[in-house]
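The block underneath contains the structure these notes are about, expressed in structure tokens.
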Number of protein chains: 2
Amino acid sequence: MALLGHKEKILIFLAKRNALSESVETSTLELAKALKISQQTASRLLIQLEEEGYIVRRRYGKVRRVKLTERGLRELLDVYLTLKGILERPIEVKLEGRVFTGLSEGAYYLQIPYYLRQFEEKLGFKPYPGTLNIRLMDRDSIMNRILLEKAADIRIEGFKDGKRTYGGAKCILAKLNDRETVAIVFIERTHYGEDVIEVVAPTCLRERLGLRDGDRVYVCVKLPSKNLYQVALRDYRA
Amino acid sequence: MALLGHKEKILIFLAKRNALSESVETSTLELAKALKISQQTASRLLIQLEEEGYIVRRRYGKVRRVKLTERGLRELLDVYLTLKGILERPIEVKLEGRVFTGLSEGAYYLQIPYYLRQFEEKLGFKPYPGTLNIRLMDRDSIMNRILLEKAADIRIEGFKDGKRTYGGAKCILAKLNDRETVAIVFIERTHYGEDVIEVVAPTCLRERLGLRDGDRVYVCVKLPSKNLYQVALRDYRA
DNA sequence: ATTACTATTTCCCGAGTAA
DNA sequence: TTTACTCGGGAAATAGTAA
């Protein structure tokens with residue numbers, strides 16, 4: 001909370017100590033230590049906060065107590081509700097790119113019954129046997145692709161059949177061009193780079209949308225904000 | 001949000017415009033107008049925020065775009081979660097005072113079947129026919145009494161019987177001395193002042209706790225924070 | 001011990017202006 | 001048009017210290 005102003009921090013400090021509902025004993029020195037400011041500054045800020053109507057201070061004999069006023073509560077609530085509105089709304093993550101023709105590997109895998117069954121069950125539709133390959137054009141899309149790969153929560157299991165190992169994948173549902181329900185498939189150990197996504201859908205998207213190589217398309221994923229923040233901060237915290 | 005620092009406000013401004021998940025076109029002048037600061041200050045603060053790692057700015061040809069970094073998101077989340085912890089925890093509202101003997105009016109009313117039935121149904125216990133009167137000793141308790149009267153959500157209806165009108169009341173459940181489950185009864189048009197509360201309980205509290213006139217007691221109400229803030233701000237907003 | 005005044009230093013804002 | 005530099009004035013922080 002490095003960017004918060006001292007006054008805001010003081011209100012938060014007091015509120016933490018229950019000064020929303022009762023008068024709380026608080027010395028200027030204590031406050032100063034907690035906020036890493038000088039005792040003098042703490043004193044001045046308390047005076048100002050009282051003048052501005054955010055807190056009330058009273059003496060009970062020698063003991064000095066501080067309580068937030070309704071205005072003080074209001075200040076905290078305003079900030080809280082503003083942030084809540086921003087941080088808890090679902091987030092649209094958008095990937096833009098151009099259609100290109102791949103090696104038809106996707107089509108091959110989609111015909112393997114073990115995969116097909118899983119896709120059908122977990123995606124809620126029977127995928128057309130072929131993937132639409134999209135090469136992402138800008139840095140934001142590529143960043144978002146990396147993010148989405150972490151957020152993708154539909155897991156397709158791999159398997160072995162004695163001869164070889166078939167890898168797994170992760171999917172996430174999305175909209176193509178705001179119209180078509182699709183799933184982005186993140187294949188484990190794909191031979192494509194991070195600038196490519198593969199998309200599956202119930203129908204042949206090329207036919208349905210008249211797409212040709214080089215056409216621009218965009219894919220949107222609506223993520224509950226909680227997921228996104230967990231994903232976005234997972235690495236940051238570590 | 002008068003107490004927030006400019007930098008915090010900038011992050012919020014950007015986040016509102018979706019700069020958490022994509023790069024957003026933002027000119028320094030626009031930002032300056034929104035935050036009521038000078039264009040120069042806006043420029044300087046953006047530079048600093050970038051140096052400090054809260055945002056990233058890029059040029060796409062002539063267009064300049066800004067996006068929050070994970071650190072920027074983290075800053076907002078930190079503040080949000082801190083405030084959430086404070087503002088959404090249940091709040092204990094405490095009233096302290098001394099027992100005194102009233103006019104036994106409470107006892108009279110509690111014997112009227114129309115009232116008695118309501119108390120029994122709505123409080124979840126059959127009240128001992130008599131109220132414990134408590135005179136509040138300090139300003140905080142009196143303030144909290146006024147607040148609680150507004151927050152009291154158990155409504156006892158009044159009635160007429162041809163001869164006269166019997167007034168209504170509002171109650172709220174509480175703990176006396178952290179032990180006894182009681183209800184504070186706020187009688188409409190009481191003849192007591194705002195420094196008095198009346199309490200009912202399943203048993204005779206004076207006997208059970210060995211209370212005499214002048215003994216100190218305290219009554220605690222645990223309020224879901226939402227209720228409290230609605231009540232606390234109802235007047236303030238108006 | 002605790003608060004808060006005064007003096008000094010540091011930092012921040014915004015005007016002017018260049019690129 | 002937009003960004004961002006320099007610089008002067010003023011606000012804010014701390015030190016010293018009184019009450």
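Only heavy atoms go into these numbers, but all of them, side chains included; no hydrogens, no water, no symmetry mates.
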For this session: Quick one: do B/Lys94 and B/Ser141 satisfy side chain to side chain donor-acceptor pair (under 3.5 Å)? Show the steps, please.
Result: CA-CA 7 Å; B/Lys94 194 175 187 179; B/Ser141 293; over 6 Å; no
Exercise. Over how many whole Å does the gap from B/Glu25 atom CD to D/dT2 atom P extend?
Worked result: 10 Å
For this session: Indicate, with yes or no, if the rings of A/Tyr192 and A/Phe100 have centres closer together than 6.0 Å.
Result: yes
Problem set entry | Close side-chain approach of B/Val185 to B/Thr131, heavy-atom, < 4.5 Å | no
For this session: Please report, rounded to the nearest Å, how far the P atom of C/dC12 is from the NZ atom of B/Lys9.
Result: 16 Å
Problem set entry | For DNA chain D, the residues among residues 28-44 of chain A that have a non-hydrogen atom under 4.0 Å from it | A/Ile37, A/Ser38, A/Gln40, A/Thr41, A/Arg44
Problem set entry | Donor-acceptor under 3.5 Å (B/Glu75 side chain, A/Leu3 main chain) | yes
For this session: Classify the nucleic acid contact of B/Ile47 as base, sugar-phosphate or nothing, counting any heavy atom under 4.0 Å across all strands shown.
Result: sugar-phosphate
Exercise. Can you check the A/Arg64 CZ to C/dA4 P distance for me, whole Å?
Worked result: 7 Å
Problem set entry | Protein-nucleotide distance (B/Arg65, atom CZ; D/dT2, atom P), rounded to Å | 15 Å
Problem set entry | Matching residue for A/Arg17 among A/Glu30, A/Glu25, A/Glu22 - test: side chain to side chain donor-acceptor pair (under 3.5 Å) | A/Glu30
Problem set entry | Between P of D/dA12 and CD of A/Glu51, the distance in whole Å | 12 Å
Seminar exercise, completed: note: A/Glu52, atom CD; D/dA12, atom C1'; distance rounded to Å ~ 13 Å
Seminar exercise, completed: note: A/Leu45, atom CG; D/dA11, atom P; distance rounded to Å ~ 16 Å
Exercise. Quick one: do A/Asp213 and A/Arg206 make a salt bridge, cutoff under 4.0 Å?
Worked result: yes
For this session: Figure out the NE2/P separation between A/His6 and C/dC11, and round it to whole Å.
Result: 12 Å
Problem set entry | Nearest-neighbour nucleotide for the B/Arg57 side chain, C/dA4, D/dT3, D/dA4 considered | D/dA4
